[in-house]
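Counting starts at 1 for both ligands and their atoms, following the listed order. As the structure is a computational prediction, the values presented were derived from the model and not from experiment.
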Amino acid sequence: MNLPRLAILASGSGSNFEAIAQAIADGMIPAQIEVVIYNNPGALVAKRANRRGIPALLLDHRAYAQRQDHDRAIMDELHKYGVDVVIMAGWMRIVTPLLISAYEDRILNIHPSLLPSFPGAKAVEQALDYGVKITGCTVHLVISEVDRGKILAQAAVPVLPADTVASLQQRIHAQEHILYPQTIREYLREHFGQS
Ligand code: GRF
């Protein structure tokens with residue numbers, strides 16, 4: 001059986017990678033993670049990938065003069081591994097139209113707010129500062145405008161009176177780990193005819 005080939009792009013801890021890889025290992029998502037690409041030396045996601053026997057490749061953006069050069073290096077790897085779908089999981093870099101057009105409607109991202117509220121890197125802090133009573137997480141397609149692509153799925157997380165950024169982030173993370181694998185499964189079923 002030809003399973004859809006995924007690449008994970010991550011910058012840090014990789015807990016979402018772990019949840020997705022576990023869902024695949026459990027047979028919940030019929031797919032294969034071909035490669036994890038990360039951009040920060042020492043990112044924990046590399047260790048997590050190694051433990052699972054998945055190739056982890058460091059492409060440090062600091063080594064490239066232009067954003068496009070970094071994207072080109074990423075694309076070379078995606079092509080080399082025959083990747084069908086790119087899963088951004090805590091990828092903290094803006095990608096250029098070069099990569100986005102090569103994988104149009106085939107790049108997914110997860111964001112720790114109910115988009116279109118609180119796009120950008122400070123979503124959890126901003127939700128707390130505004131005093132919203134419900135926030136959450138969103139899985140969406142990636143387009144050139146950051147955090148603005150078509151929304152595929154969302155989960156709500158109540159903000160509690162005693163919440164700190166850390167406590168709220170932790171509860172959002174817990175929802176992400178459920179929502180992202182489910183959404184990837186649905187997405188692949190729709191686009192690749194998987195059961
Ligand atoms: C998640 O909260 C995700 O929404 C955001 O970055 C965080 C990544 O966490 N884009 P992890 O690296 O998957 O643990």
What I want to check is whether the side chains of Arg72 and Gln66 have a donor and an acceptor closer together than 3.5 Å. no
N/O to N/O below 3.5 Å, does that happen between His173 and ligand 1? yes
Side chain Ser113, main chain Ala123, donor-acceptor under 3.5 Å: no
Examine the side chains of Gln154 and Thr138 and answer whether a donor and an acceptor come within less than 3.5 Å of each other. yes
Gly14 versus ligand 1: do any nitrogen or oxygen atoms come within less than 3.5 Å of each other? yes
Do any nitrogen or oxygen atoms of Ala89 lie less than 3.5 angstrom from nitrogen or oxygen atoms of ligand 1? no
From atom 2 (O) of ligand 1, work out which of Gln170, Glu176, Glu18, Gln175 has a heavy atom at the shortest distance. Glu176
Heavy-atom side-chain proximity of Ser13 to Val45 below 4.5 angstrom: no
Answer yes or no for Ala10: is there a heavy-atom contact with ligand 1 below 4.0 Å? no
Classify the ring geometry between His70 and Trp91 as parallel (under 30°), tilted (30 to 60°) or perpendicular (over 60°). parallel
Salt bridge (Lys or Arg N to Asp or Glu O under 4.0 Å) partners of Asp60, counting only residues at least two apart: Arg62
When rounded to the nearest 0.5 angstrom, what distance separates OG1 in Thr135 from CD in Gln169? 10.0 Å
For atom 10 (N) of ligand 1, what's the nearest protein heavy-atom neighbour? Residue, atom name and distance, please. Ile110 O, 3.1 Å
For atom 14 (O) of ligand 1, closest protein heavy-atom neighbour: Ser15 OG, 2.5 Å
How does Gln169 reach ligand 1, by side chain, by backbone, by both or by neither, if only non-hydrogen atoms under 4.0 Å count? side chain
Nearest to atom 6 (O) of ligand 1, what protein heavy atom do you find, and at what distance? Gly90 CA, 3.5 Å
Element-labelled atoms of ligand 1 that are located less than 4.0 Å from some non-hydrogen atom of His111: 4 (O)
Can you tell if the side chain of Val142 reaches within under 4.5 Å of the side chain of Leu108, non-hydrogen atoms only? no
Of all the atoms in ligand 1, which lie at a distance below 4.0 Å from a heavy atom belonging to Ser13? 12 (O), 14 (O)
